[in-house]
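All residue numbers in this chain count up from 1 along the given sequence.
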Amino acid sequence: MSTAFISDIHLNPQRPDSFARFERFTAQAVRRLRHLYILGDLFDYWVGDDGVDAIGQGRAEAALRAVTDAGVTVFFMRGNRDFLIGDEFAARTNCRLLPDPSTVTVDERAFLLSHGDALCTDDTEHQAARREMLSAKWRFAFMQKPLPERIDTAAELRRRSESRKQRTSRAMMDVNQSAVESFMREHRADTLIHGHTHRPAVHQFNLDGKPAWRYVLGDWHQRRSALYYQRGILALKK
Ligand code: MN
């Protein structure tokens, strides 16, 4: 039995392949996993827990529920796309919500977990939008709107994010190494696991004279990407 970390599946009814991949993964997870950590952007967008059917994600919730019903502990950290996930979602799926960041210990090894977008400090435009949307004021105003309007706003935000990707350099949209180092120092971590950048890789570097690792999870647009931890060994299958 092992532990798996995944992120950035970006479930969207318009991308049925990713959903099929996720459903196959959850069917296998119930037999093989003890813990599953979802580090954000499981959903391509989320408009509030009351909008799950309106955005066609009822089947995804059912797939998650089947995993927790089978006895797998599923932890869910919100990403920048599904930051509106709330307690009702957690109750329906039986997932445990994790704040970003969180340090978890699996078999006596500590991992610092984050979605990852907070570390992309060179992308000042994203950081400003992030601050605004994570504010109670923004959330309150958004949740006051009727569902169809929320869905339109979410679509508009995705359009903006796509057009921004076209005009922002790849380097600017990656994590900033010194932000990573101060983040790891602050949390006394030697192993960081995150997603968001869609650049699956294992980075080893020196942090204050000691080895440190940053595991980056990939997206699921073309294939499954997951990091497995079993018997003291971390293996990234991208
Ligand atoms: Mn993201």
Would you say [X] and [Y] make side-chain contact, with heavy atoms under 4.5 Å?
{"X": "R81", "Y": "D8", "answer": "no"}
{"X": "I6", "Y": "F22", "answer": "yes"}
{"X": "L39", "Y": "I193", "answer": "yes"}
{"X": "Y45", "Y": "R158", "answer": "yes"}
{"X": "R78", "Y": "L98", "answer": "no"}
{"X": "W220", "Y": "H10", "answer": "no"}
{"X": "T124", "Y": "M172", "answer": "no"}

At their closest point, which heavy atom of [X] faces which heavy atom of [Y], and how far apart are they?
{"X": "P13", "Y": "G56", "result": "CG-O, 3.9 Å"}
{"X": "R65", "Y": "A91", "result": "NH1-O, 3.6 Å"}
{"X": "G116", "Y": "V175", "result": "O-CG1, 4.1 Å"}
{"X": "I85", "Y": "L97", "result": "CG2-CD2, 3.9 Å"}
{"X": "T197", "Y": "M173", "result": "CG2-O, 4.0 Å"}
{"X": "M1", "Y": "L33", "result": "CE-O, 3.4 Å"}

Determine whether the side chains of [X] and [Y] contain a donor N or O and an acceptor N or O closer than 3.5 Å.
{"X": "D41", "Y": "S7", "answer": "no"}
{"X": "N80", "Y": "H115", "answer": "yes"}
{"X": "Q57", "Y": "E61", "answer": "no"}
{"X": "Q144", "Y": "R139", "answer": "no"}
{"X": "T191", "Y": "R109", "answer": "yes"}

Linking I/L/V/M/F/W/Y whenever their side-chain heavy atoms sit closer than 4.5 Å, directly or via other members, would [X] and [Y] fall into one cluster?
{"X": "L227", "Y": "L192", "answer": "no"}
{"X": "V47", "Y": "L134", "answer": "yes"}
{"X": "Y229", "Y": "I38", "answer": "no"}
{"X": "L234", "Y": "L217", "answer": "yes"}
{"X": "V104", "Y": "V72", "answer": "no"}

Can you confirm whether more than 12 heavy atoms, excluding those of [X], are under 6.0 Å from its [atom1] atom?
{"X": "D87", "atom1": "CG", "result": "no"}
{"X": "R185", "atom1": "CZ", "result": "yes"}
{"X": "R167", "atom1": "CZ", "result": "yes"}
{"X": "R96", "atom1": "CZ", "result": "no"}

Using the rule given for side-chain contact (heavy atoms from CB on, under 4.5 Å), can you reason through L42 versus L64, listing the C-alpha separation, both sets of side-chain angles and the distance that settles it, and then say yes or no? CA-CA 11 Å; L42 170 63; L64 272 177; 3.8 Å; yes
Measure the [atom1]-[atom2] distance between [X] and [Y] for me, rounded to the nearest 0.5 Å.
{"X": "R170", "Y": "R199", "atom1": "CZ", "atom2": "CZ", "result": "4.0 Å"}
{"X": "D219", "Y": "R224", "atom1": "CG", "atom2": "CZ", "result": "14.5 Å"}
{"X": "N12", "Y": "R15", "atom1": "CG", "atom2": "CZ", "result": "5.5 Å"}
{"X": "K165", "Y": "H126", "atom1": "NZ", "atom2": "NE2", "result": "11.0 Å"}

Walk me through it: do R21 and D17 pass the test side-chain contact (heavy atoms from CB on, under 4.5 Å)? CA-CA 6 Å; R21 256 171 232 123; D17 290 3; 3.8 Å; yes
Using the ring of F205 (Phe, Tyr or Trp, six-membered ring only), decide whether R214 places NZ or CZ under 6.0 Å from its centre and within 45 degrees of its axis. no
Kindly indicate, with the supporting measurements, whether the criterion side-chain contact (heavy atoms from CB on, under 4.5 Å) is fulfilled by H198 and H221. CA-CA 10 Å; H198 300 203; H221 297 334; 3.8 Å; yes
Side chain to side chain donor-acceptor pair (under 3.5 Å) partner of D117, the single match among Q127, H196, H194, R130: R130
Give me the ring orientation class for [X] and [Y]: parallel if the planes are under 30° apart, tilted from 30 to 60°, perpendicular past 60°.
{"X": "Y37", "Y": "F5", "result": "parallel"}
{"X": "H187", "Y": "F183", "result": "perpendicular"}
{"X": "W46", "Y": "F89", "result": "perpendicular"}

Is the distance between the ring centroids of Y215 and F111 under 6.0 Å? no
Tested for side-chain contact (heavy atoms from CB on, under 4.5 Å) against V30, the lone hit among L36, D69, T68, V67 is V67
State whether the side chain of S161 and the backbone N or O of L157 hold a donor-acceptor pair below 3.5 Å, judged by distance alone. no
Take M77 and L113, measure what side-chain contact (heavy atoms from CB on, under 4.5 Å) needs, and give me the verdict at the end. CA-CA 9 Å; M77 182 180 282; L113 310 179; 3.9 Å; yes
Thinking salt bridges, do R159 and E156 make one under a 4.0 Å N-O criterion? yes
